[in-house]
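Each remark here refers to the structure printed beneath this line.
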Amino acid sequence: MNEQELRKRLEMLRSEHRDLDAAIAALTDAGERSGFVDQLQIARLKKRKLHLKDRIALIEDTLLPDIIA
């Protein structure tokens, strides 16, 4: 992948990460109102979010060169 494709992919992953934040918050709020929180679904979303965070970090490391100071 070239730099432009990596940046595009990075933005897409960041967007999905933010969407998962919103989904987790919505599920938590809905669960508190109804008295039933779907812990399994929330755990799956959080796991997906962590996976995305790792992929984001990997792409950022690829885009930013190591500088020895």
Test side-chain contact (heavy atoms from CB on, under 4.5 Å) applied to Glu5 and Asn2, step by step: CA-CA 5 Å; Glu5 290 170 337; Asn2 63 28; 3.2 Å; yes
Tell me whether Thr28 contacts the main-chain N or O of Ile24 through its side chain, where contact means a donor paired with an acceptor under 3.5 Å. yes
Is Asp54 close to His51 at the side-chain level, that is, under 4.5 Å between some pair of heavy atoms? no
N-O pairing of Arg9 and Glu16 below 4.0 Å: no
Which atom names give the shortest non-hydrogen contact between Ile59 and Leu6, and what distance separates them? CG2-O, 3.7 Å
Leu10 CG to Glu60 CD distance, which is reported to the nearest 0.5 Å: 5.5 Å
One thing to verify: whether Arg7 and Glu3 come together as a salt bridge, which I'm taking to mean a side-chain N less than 4.0 angstrom from a carboxylate O. yes
Taking the side chain as every heavy atom from C-beta outward, state whether Gln4 and Lys8 have any atom pair closer than 4.5 Å. no
Can you confirm whether Asp29 sits close enough to Arg33 that some side-chain heavy atom of one is under 4.5 Å from a side-chain heavy atom of the other? yes
So NZ of Lys46 and NZ of Lys53: to nearest 0.5 Å the spacing works out to 13.0 Å
Is there a side-chain contact between Arg55 and His17 in this structure, where contact means two heavy atoms from C-beta onward sitting under 4.5 Å apart? no
State the CG-CG distance between Leu50 and Leu45, to the nearest 0.5 angstrom. 11.5 Å
Leu63 and Leu52: same hydrophobic cluster, using ILVMFWY side-chain contacts below 4.5 Å? yes
Beyond-backbone contact of Val37 with Leu27, side-chain heavy atoms, under 4.5 angstrom: no
